[in-house]
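This structure is a prediction, so every number in the text was calculated from the model and none was measured. Just so we're on the same page: letters track the sequence lines, and every chain starts at 1. FYI, side chains are in, hydrogens and waters are out, and symmetry mates aren't considered; it's all heavy atoms of this structure.
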Amino acid sequence: MTAAAALLERDVPVATRVLTLPEHTIEIVSDSGEGAQKCGQIFGAVCAKMGNGVWTVEIIPAEIQPPPRIAEGASGIRIRFATGPVTNWGDQTDLVVAFNEQVLVGRHLLGALASDAIILLENSWASNPDPDIKAAWDQALAELSGYGYRIIEVPMEEQCLTVDDNPRKGKNMFALGMLAYIYDRSLERIEEQIAYAFRRKSEAVYAKNVALMRLGYGWAAANLDFRIEIPTTPPQQALVVMNGNEALGMGALASGMELCAMYPITPATSVSHYLAEVFRKFGGILHQAEDEIAAAGVAIGASYAGKVAFTITSGPGLALKTEFIGLAVMAETPLVVIDVQRGGPSTGLPTKVEQSDLLAALVGQPGDAPHVVMAPATIEECFHSVVTARQIAETFHTVVVILSDANLSTGVQPFPRPQLRKEWLAPELDLSPVEEGRRPYEWDPRMGTSTRPVPGQPGGMYTLTGLSHDEASKVAYDAGIHQHSTTMRSRKIAVLQQTLLRPAIYGDHEGDLLVVGWGSTKGAIEEAIDRARAEGLHASSTHLTFLSPLQPGLKEIFSRFRKVMTVEINYSDPPGEPFITEENRRRGQLAMLLRAQTLCDVDCWTRVPGEPLRPGLIHAAIRDATIGLAGGRA
Amino acid sequence: MTSHCAILPIFDDDEREFALNDYEAGMPRWCPGCGDHSVLTAVEKLLVAEQLKPEQTVFVSGIGCSSRFPHYLKTYGFHGLHGRALPVATGVKLHRPELEVFVVMGDGDCCSIGAAHWIHATRYNMKMVALLLDNSIYGLTKKQTSPTTPQGFKTNTQPFGTPLPPLNPLTTTLGTTNVSFVAQTAEWIPAHLYATIRAAYRHPGFAFVRILQRCPMYTEGLYNETVKNPGMVELLVHDDGVVPPEIDKIYTNRITHDPSDLDSARRLAEYSDRIRLGLFYRNENRARYDLLVRPPKVTSSERIALLNEELDHYAI
């Protein structure tokens, strides 16, 4: 028994059963604004700090304040934690804390709950004076009773009212206390994390939250007949734990970039929330521009005049920045664009994950505008991708688009603490005089690269232009110049491609099926591959970090598998649907790209569920895809 | 600052003197009679008078006839996108506050496609000179209606006459929160043009100058009467204003206007029978975004130490 449990020993019921499991997935769901996410973030961080593998995903309704007590308004968080590493949000939830029965029904209807899920449900609604609420409660419980769920009614509001007279505030800390009891989390660490979460609030707020948490802990100890142990393994190396947007922001700090221009857009904005707090002391400026276009323009203006600058956006913003991205390519001004993708087109699903911006990021610009597109697959890669993107943008004087997504943006995962290096930082500006006669676009004919003076360098004066231009940056009136400069801008992308590594293969290097993915789906795909291989299927996967240029060796790798299939969170026509033929079938965006680049018959399995792909669904798709292949089942 | 090349002069202790040809680059390709020529001449005169270092000076423009402007100067230049000169200039100035920034825009550029940036740049009030070269027409694309085309004027997109009254760039700018400098001048009065641009350059903030211009191709005759008849012009005069003595005898219609009086500036800026030139408004005490957000200088060792502190917050 831990010291924390001993503290409350007198309340522990005699017949407590302890289940020891390798992993568990929990959800806290509530109406918007009840703090379920804060509760889950604290719990997830504590699990990570105690030595569990962790992955969290926020469940965010599309509106800030949807009407209370409706199924589609469910707001909350899922935390999957395990003795070993966790790379994705898993399939279904084993334990749920729900603040009302309607949001619980919402999760049930989405198939988010395991058939034997344990549910801790606020029961004040059962005795609500409003007959409609009472009826809704009865109906929901009748509906849910048809499944294998174990529903435990918890008087959260009644309990919390003993500490705080606002029942809407505080349930989240009560829930945190219950979870701390169930999973035997260190109360010291929990309180430390509460202190960090409320660091800008008063001591009284902290004390009240701790009291509520302890109340939940005590209630659980006195009333629950089970605890669950997910053994922890102390980390072998220094780890940090954060979400993908914090990792992108921190990566920007580590890259030495000094100017970020952005316009608020979900789910990218929290990168700038993070930077807004710290960037200034790092010598940086976070500029909230008047619109997405201006944000791109400000970043390009800064890049032209000095160190590489960056802008952060999501799909609709990427569309607005298109013309400026084209200018940066044409003028060969370095620029880093971070696109935290959400569901589209148009306003689409602002808070939900999708990987539908790939083609827009690759070829969205009118005219020939070759540039670099890369996609981090993990929280750790979110950090490092910004450092790499800055270096590539500067070396090749080009645009680098980083495609993150809503799954990575709020996902929290521990990763090895980056060992910071000075060479990651953008070099100081060289303002020394420029040799006489040097022209601003002296393309290296072999590499396609060229470097320009920055304002302040005597003798380097030139006028950058978005018009087609010659080596002196003079407007080109000659078709030959346009052919040559277009070749040079393309050439340097080929040079970059030659420096990239072949993608790693997860599983055997040959077999029946190769799954190809990109971005945040990596963990779920690899878990699905593990399951498929465990049942004898000859399936492997590979995950692409670079989408433009594509990493080398793809055609050769593909040739070693009987079938190649992408798994993506974007739309493709399912074969067999009305009117869909081999000829008119619209395929996943990476599949389209790979077919064009490799001339291989790349198939795809894609979905747009507005949530991360579950490994179980990918596993089923792998099974379907391997049916009839020569190797079949081993 | 060190030179990598021994044969190059070192400019550290700057004793260079800049003459006109240190700023001139190439032969402008504007039409003969285009007002852009006069503005270029006035700007070159300013560069010489103020001895601005060519390498420390950046001209940012959009797209349109007037936006070719940076190509004709031997300073740094950025000839970017239609309507987007101000965001680029904002980026230059935020990141490199020591640079002298000038923005050259046409009426379509500033008042139509880039109108959002115009309003916000006015509010940011960063130190830069914004020149609106307003010829009341789209010239480069051949005679389409611009926001400042006079009502009834026939263009290729509105061949039966422009239906709406023109937008007034002065009242729009003067109506923006944190506005700090608004002036109007005309390319056919070189002394006034130069004096106005110089006052704009000396202003510690966002200095907006609307320059009335003739387009010999598409708005020929628009200002014919005004050019011929100084009686159609009214000069705003004040001890603190822009009043070049050379034109005393020609332009005798005068209104005394204190440029610190915003209400009066807004009234005088409304369109009237006469064209009013001069300094409408100047306030040197407005909030300046470029000064407010300027971060400290941080060395790479300090950065790494700070980032390690940041990572400590997230350490397990």
Side-chain angles (χ1 to χ4, degrees), chain A residues 48-49 196 235 238-242 246 250 253-254 256 258-259 261 278 280-285 287 289-291 293-294 297-307 309 323-324 327 414 417-418 420 422 425 431-433 435-436 455-467 475, chain B residues 1-5 8-11 25 53-60 63 68 70-71 73-81 83-84 86-96 98-99 116-117 119-120 293-298 300-304 306-308 310-311 313-316:
Chain A
K49 290 186 172 186
Y196 185 68
L239 298 177
V240 285
V241 58
M242 63 185 74
E246 287 166 330
M250 237 178 253
L253 300 176
E258 290 177 358
L259 187 134
V278 299
R280 189 183 166 84
K281 71 178 176 197
F282 282 82
I285 295 175
H287 174 64
E290 59 271 22
D291 58 36
I293 297 173
V298 170
I300 289 171
S303 250
Y304 154 82
K307 295 185 183 180
E323 191 187 7
F324 256 128
L327 172 68
R417 180 178 174 130
L420 307 172
K422 270 193 184 167
L425 299 172
L431 296 178
S432 59
E435 303 153 55
E436 207 175 324
Q457 281 192 273
M461 289 79 78
Y462 75 102
T463 290
L464 173 149
T465 178
L467 282 151
V475 177
Chain B
M1 201 186 299
T2 54
S3 167
H4 293 313
C5 179
L8 280 172
I10 307 269
F11 297 126
K53 295 179 189 173
E55 72 274 11
Q56 292 286 349
T57 308
V58 182
F59 279 81
V60 182
I63 292 294
R68 287 293 180 100
H71 288 283
L73 289 169
K74 266 192 234 160
T75 64
Y76 281 92
F78 192 115
H79 177 206
L81 298 182
R84 317 297 174 200
L86 286 166
V88 170
T90 301
V92 172
K93 191 70 187 173
L94 278 178
H95 187 45
R96 297 286 309 281
E98 71 277 21
L99 298 175
H117 312 311
I119 288 166
H120 289 277
V293 302
R294 192 171 296 177
K297 287 273 170 224
V298 182
S300 49
S301 310
E302 286 166 343
R303 261 175 228 268
I304 288 183
L306 282 166
L307 190 52
N308 268 318
E310 269 308 294
L311 286 169
H313 292 308
Y314 295 86
I316 290 178

For H287(A), all residues meeting ring pair (Phe, Tyr, Trp, His ring centres under 6.0 Å), sequence neighbours excluded: Y124(B), Y289(B)
Toward chain B, the part of [X] with a non-hydrogen atom under 4.5 Å:
X	value
L259(A)	side chain
F324(A)	both
V278(A)	side chain
A299(A)	neither
P455(A)	both
A254(A)	both

Between [options], who has the most heavy-atom pairs with chain A when the cutoff is under 4.5 Å?
options	result
T90(B), L81(B), V88(B)	L81(B)
G80(B), P70(B), A89(B)	P70(B)
L306(B), L73(B), L86(B), I63(B)	L306(B)
K297(B), H313(B), E302(B), K93(B)	H313(B)
G83(B), P296(B), A25(B)	P296(B)

Heavy-atom check, side chain of [X] versus side chain of [Y], under 4.5 Å:
X	Y	result
T463(A)	R68(B)	no
E310(B)	K281(A)	yes
H117(B)	D291(A)	yes
L311(B)	M242(A)	yes
Y76(B)	Q457(A)	yes
I304(B)	L425(A)	yes

Top contributor to chain B contacts, counting heavy-atom pairs under 4.5 Å, from A238(A), G460(A), G256(A), G301(A): G301(A)
Among the listed options K49(A), E290(A), E323(A), the residue most often paired with chain B at heavy-atom distances under 4.5 Å: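 Top count of heavy-atom pairs under 4.5 Å with chain B: E290(A).
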Using heavy-atom distances under 4.5 Å, tell me whether [X] contacts chain A through its side chain, its backbone, both, or neither.
X	answer
K74(B)	backbone
V293(B)	both
R294(B)	backbone
S301(B)	both
L99(B)	side chain
T75(B)	backbone

For R96(B), side-chain hydrogen bond (donor to acceptor under 3.5 Å, both in side chains) partners two or more places apart: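 side-chain hydrogen bond (donor to acceptor under 3.5 Å, both in side chains) check on R96(B) returns E98(B).
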Over all heavy atoms of both residues, which pair between [X] and [Y] is shortest? Give the atoms and the distance, please.
X	Y	answer
V92(B)	A305(A)	CG1-CB, 4.0 Å
Q56(B)	G456(A)	NE2-CA, 4.2 Å
G283(A)	P295(B)	O-CG, 3.4 Å
V298(B)	F282(A)	CG2-C, 3.6 Å

Derivation of the side-chain contact (heavy atoms from CB on, under 4.5 Å) call for H95(B) and I285(A): CA-CA 8 Å; H95(B) 187 45; I285(A) 295 175; over 6 Å; no
Any donor-acceptor pair under 3.5 Å from Y314(B) side chain to P414(A) backbone: no
Donor-acceptor contact present, side-chain R417(A) to main-chain N308(B), <3.5 Å: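 Yes, R417(A) side chain to N308(B) backbone: donor-acceptor pair under 3.5 Å.
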Euclidean distance, H79(B) NE2 relative to L467(A) CG, rounded to 0.5 Å: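 The distance works out to 5.5 Å.
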